[in-house]
Visitor: 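Here it is, the structure in full.
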Amino acid sequence: MIMGYQQDWVKRERKFFLWSALFLTIVFVIAMVQNIIRYGMSETYSPWRSITYLLISLVLFIAFLPTILETAKRALDRYPRYFGWSATAITIASILVFYVCSGLLMYILGFFDEFFNIRYARQYFGREALFHMLLVVGACVYVYFSYQKKVGKLVEGSIGRKSVTIPSELIRWIEADDHYLKLYTEDSQLVKRSSLERMADELEPDFIRIHRKYLVNSSQIIGKEREQRDEFLILKGGQRLKVGRSFQPFDIVPYLSKNSKP
């Protein structure tokens, strides 16, 4: 299930990446045509130098998009209420970082005599930065609507040494283990360094605290059993989780109507 979810998001990222590459390619062609019309008759004009300049100052930005998408996902996961501010910060940071990197590359290639070139700054922030800003804003909007709205809240954990981010709806229950949490899905177990109290605050009201060690996805609850003085919740996968004494009696009526359906 987790692999299927990740593959689906990779396909969506690839789609956005391809459309962005097409957008920058079109802008690149238009800018080249403009340069030829303006400077083509000049003896000092070099089309190859112009192509190299535009590839670095404009098209190279495509290499930054995977990092921008990942940063937007993490910001949306951790600060969903302030994603507008996060998107603004990501946009400004992306433009500035790319300006420095592209300027350094062109300085190394001999386009400028000094690292900070005022002419390039005016040129970049007067034209190329506008298109890059549109892509970053588009990436943040894309992440918000296609990632958060479709999969809900996101949880980051690890399987072995591999870091994995999944929608919270894939998690059946969470178990506290010292300073770590075990996140159980249908076919995997993730590990996350956090506290159960913090996860309960982040995932409410979809997850319910039933024990000092357990946090349960409310959509997984389908029944309850009692053995002497102990109560156990029955999940869709057949798991039985003990309800803590301080959480008894646990009322499952609100969840039965929506969770008992196959």
Side-chain angles (χ1 to χ4, degrees), residues 6 8-77 79 82-148 165:
Q6 289 181 313
D8 179 64
W9 176 246
V10 169
K11 290 180 180 178
R12 282 182 280 161
E13 276 188 322
R14 188 176 303 161
K15 183 178 179 180
F16 179 82
F17 184 85
L18 292 175
W19 279 108
S20 300
L22 177 62
F23 170 73
L24 288 181
T25 301
I26 294 175
V27 175
F28 168 81
V29 173
I30 294 175
M32 273 301 302
V33 172
Q34 289 178 338
N35 287 347
I36 292 174
I37 293 174
R38 291 177 181 175
Y39 313 113
M41 300 302 293
S42 174
E43 295 181 356
T44 60
Y45 176 71
S46 171
W48 295 111
R49 185 178 178 87
S50 181
I51 289 174
T52 303
Y53 174 87
L54 287 173
L55 286 176
I56 296 175
S57 66
L58 182 66
V59 182
L60 183 62
F61 192 79
I62 198 70
F64 281 63
L65 280 181
T67 302
I68 293 171
L69 286 169
E70 185 62 30
T71 303
K73 286 189 292 183
R74 292 177 180 270
L76 185 58
D77 179 24
Y79 312 106
Y82 307 102
F83 186 64
W85 291 105
S86 299
T88 302
I90 292 171
T91 302
I92 295 174
S94 300
I95 299 300
L96 292 178
V97 170
F98 180 78
Y99 164 72
V100 172
C101 292
S102 60
L104 177 60
L105 180 57
M106 283 193 279
Y107 170 69
I108 294 174
L109 294 177
F111 276 80
F112 313 131
D113 294 330
E114 65 281 339
F115 170 67
F116 178 75
N117 186 277
I118 298 178
R119 183 179 178 183
Y120 176 61
R122 289 200 299 262
Q123 179 72 20
Y124 176 75
F125 289 106
R127 184 175 66 173
E128 284 89 346
L130 173 62
F131 303 114
H132 295 161
M133 181 181 67
L134 291 175
L135 283 182
V136 179
V137 173
C140 292
V141 172
Y142 184 80
V143 166
Y144 182 80
F145 284 101
S146 68
Y147 198 61
Q148 177 74 355
T165 301

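What you see below is based on every heavy atom in this structure, not just the backbone, and it leaves out hydrogens, waters and symmetry mates.
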Visitor: Return all side-chain donor-acceptor pairs below 3.5 angstrom for residues 87-103, not counting sequence neighbours, or 'none' if the list is empty.
Guide:
residue	atom	partner	partner atom	Å
T88	OG1	G84	O	3.0
T91	OG1	A87	O	2.8
S94	OG	I90	O	2.6
S102	OG	F98	O	2.8
S102	OG	Y99	O	3.2
S102	OG	Y120	OH	2.6

Visitor: Just to verify, what does Y45 make a side-chain contact (heavy atoms from CB on, under 4.5 Å) with, not counting sequence neighbours?
Guide: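 Y45 satisfies side-chain contact (heavy atoms from CB on, under 4.5 Å) with M32, N35, I36, Y39, S42, P47, S50 once adjacent residues are dropped.
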
Visitor: Give the minimum heavy-atom separation between T71 and T67, together with the two atoms involved.
Guide: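 Heavy-atom minimum between the residues: OG1-O, 2.7 Å.
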
Visitor: Is there side-chain contact between L130 and M133, with heavy atoms separated by less than 4.5 Å?
Guide: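 Side chain of L130 against side chain of M133, heavy atoms only: contact under 4.5 Å found.
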
Visitor: Let me confirm one number: the SG-CG distance from C140 to L76, rounded to the nearest 0.5 Å.
Guide: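 Between atom SG of C140 and atom CG of L76 there are 9.5 Å.
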
Visitor: According to side-chain hydrogen bond (donor to acceptor under 3.5 Å, both in side chains), does anything in residues 128-137 pair up with another residue at least two apart or in another chain? List the pairs.
Guide: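 Sorted pair list: S57-E128, Y124-H132.
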
Visitor: What distance separates I56 CD1 from L109 CG, expressed to the nearest 0.5 Å?
Guide: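 Between I56 CD1 and L109 CG, I get 5.0 Å after rounding to 0.5 Å.
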
Visitor: Return the set of residues passing side-chain contact (heavy atoms from CB on, under 4.5 Å) with I37 (not counting sequence neighbours), or none when no residue passes.
Guide: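 Listed in chain order: V33.
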
Visitor: Side-chain donor-acceptor contacts of residues 17-26 below 3.5 Å, not counting sequence neighbours, with atom names and distances?
Guide:
residue	atom	partner	partner atom	Å
S20	OG	F16	O	2.8
T25	OG1	A21	O	2.7

Visitor: Working to the nearest 0.5 Å, report the span between OG1 of T52 and CG of L105.
Guide: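 Separation between the atoms: 10.0 Å.
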
Visitor: Using the test ring-ring contact (aromatic ring centres under 6.0 Å, His included), find all partners of F28 that sit at least two apart in sequence or belong to another chain.
Guide: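 F28 satisfies ring-ring contact (aromatic ring centres under 6.0 Å, His included) with no other residue.
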
Visitor: Over all heavy atoms of both residues, which pair between R127 and A31 is shortest? Give the atoms and the distance, please.
Guide: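 It is NH1-CB, 3.9 Å.
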
Visitor: Using a 4.5 Å cut-off on heavy atoms from C-beta on, say whether the side chain of F111 contacts that of N117.
Guide: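 Contact flag for N117/F111 side chains = no.
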
Visitor: Counting only heavy atoms not in I118 (residues, nucleotides, ligands), do more than 12 fall under 6.0 Å from its CD1?
Guide: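 No, CD1 of I118 has 12 or fewer neighbouring heavy atoms, counting only those of other groups under 6.0 Å.
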
